[in-house]
Amino acid sequence: MKPFTERAVKIIKHIPPGKVMTYGQIAGLAGSPRAARQVVRILHSMSEKYSLPWYRVLNSRGEIGFRDEEQMLTQRLFLEAEGVHFIDENRIDLGEYQYEVESGWEYIEVSIKKAKNNGK
DNA sequence: ACCCTGACTTGGC
DNA sequence: GGCCAAGCCAGGG
């Protein structure tokens with residue numbers, strides 16, 4: 001797995017319950033700000049394999065990306081189960097739920113290490 | 001090795 | 001607000 005992919009996977013796994021991140025935001029933190037589509041690819045092909053909380057990733061407008069009604073509903077139910085309130089059929093308030101990372105990738109790395117230490 | 005696929009984002013009309 | 005084009009690229013067939 002390439003470094004970008006590896007970092008993106010770590011970031012996605014690191015999103016806390018009840019919070020969301022956008023495709024572009026993840027791409028930026030992983031080191032390639034314009035690679036939102038790669039994040040899509042990762043979610044599409046690796047969610048199951050790496051147990052990713054895929055439903056916590058939305059587009060830059062705070063909407064669920066799926067066009068398909070059933071998949072969209074599935075994602076919405078996952079989020080609502082974590083307390084996320086929808087202001088529209090498929091849209092949430094990013095200002096309220098977006099997981100903001102202050103200082104880039106380094107911060108994520110530190111947080112992951114902390115989480116590991118807590119687990120010991 | 002080439003080709004296609006993706007749930008995207010941003011900036012510029 | 002909408003439409004368009006460009007940027008991005010690993011994994012599977």
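Order of the sequence lines sets the chain letters (A, B, ...), proteins ahead of strands, with each chain counted from 1.
Checking B:dA7, B:dT10, C:dA10 against every side-chain atom of A:Y23, the shortest atom distance belongs to B:dA7. Of the candidate nucleotides B:dT9, C:dA10, C:dC8, C:dA10 has the atom nearest to the side chain of A:K2.
Looking at A:R56, its side chain does come within 3.5 Å of a backbone N or O of A:I15 through a donor-acceptor pair. Looking at A:Y97, its side chain does come within 3.5 Å of a backbone N or O of A:H85 through a donor-acceptor pair. Panel note: side chain A:T5, backbone A:M1; no donor-acceptor pair is recorded below 3.5 Å. Between the A:Q25 side chain and the A:Y99 main chain, a donor and an acceptor come within less than 3.5 Å of each other. Proximity of a side-chain donor or acceptor of A:R7 to a complementary backbone N or O of A:A30 within less than 3.5 Å is detected. Counting only distance, with no hydrogens or angles, the side chain of A:Q98 and the backbone of A:V20 share no donor-acceptor pair below 3.5 Å. Under a 3.5 Å cut-off, the side chain of A:D88 and the backbone N or O of A:N90 do not form any donor-acceptor pair.
Remark: A:S60 is in phosphate contact with B:dT9, judged by side-chain N or O atoms under 4.0 Å from OP1 or OP2. At the phosphate of C:dG7, neither OP1 nor OP2 sits under 4.0 Å from any side-chain N or O atom of A:R34.
Remark: DNA chain C takes part in the stems B:2-6 with C:9-13, B:8-13 with C:2-7, each of 3 or more antiparallel Watson-Crick or G-U pairs, criterion distances under 3.5 Å.
Each of A:T22, A:I26, A:I11 was scored for a side-chain contact (heavy atoms from CB on, under 4.5 Å) with A:V57, with one residue passing: A:I26.
Nearest heavy-atom pair across A:L29 and A:M21 is CD1-CE, 3.3 Å.
Summarising the geometry, the separation between CG on A:L29 and P on B:dC8 is reported as 19 Å, rounded to the nearest angstrom. Rounded to whole angstrom, the span from the CZ atom of A:R61 across to the C1' atom of C:dC3 amounts to 13 Å. Atom pair A:I26:CD1 and C:dC8:P shows a separation of 19 Å (rounding to whole Å applied). Separating the CZ atom of A:R37 from the C1' atom of B:dT10 is a distance of 13 Å, rounded to the nearest angstrom. If you take OH of A:Y50 and C1' of C:dG11, they are 11 Å apart, rounded to a whole angstrom. When the P atom of B:dT9 is taken as reference, atom CE of A:M21 falls 12 Å away, rounded to whole Å. A:W54 has its CH2 atom 16 Å from the P atom of B:dG6, to the nearest Å. Atom-to-atom, CE of A:M1 to C1' of C:dA10 comes out at 11 Å; the value is rounded to the nearest Å.
Between the C1' atoms of B:dT5 and C:dC8, the separation comes to 13 Å (whole Å). Comparing the C1' positions of C:dG7 and B:dG6 gives an interatomic distance of 15 Å, to the nearest angstrom.
For the contact set between residues 39-48 of chain A and DNA chain B, defined by any heavy atom under 4.0 Å, the members are A:V40, A:R41, A:L43, A:H44. Listed in residue order, the members of residues 65-81 of chain A having a heavy atom less than 4.0 Å from DNA chain B are A:G65, A:F66.
Interatomic distance, A:L43 CG to A:L52 CG, rounded to the nearest 0.5 Å: 6.5 Å.
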Take A:R67 and A:M72, measure what side-chain contact (heavy atoms from CB on, under 4.5 Å) needs, and give me the verdict at the end. CA-CA 7 Å; A:R67 314 293 191 72; A:M72 188 274 283; over 6 Å; no

Run A:E82 and A:K19 through salt bridge (charged side-chain N to carboxylate O under 4.0 Å, His left out) and show every step you take. CA-CA 8 Å; A:E82 295 186 341; A:K19 289 288 181 179; over 6 Å; no

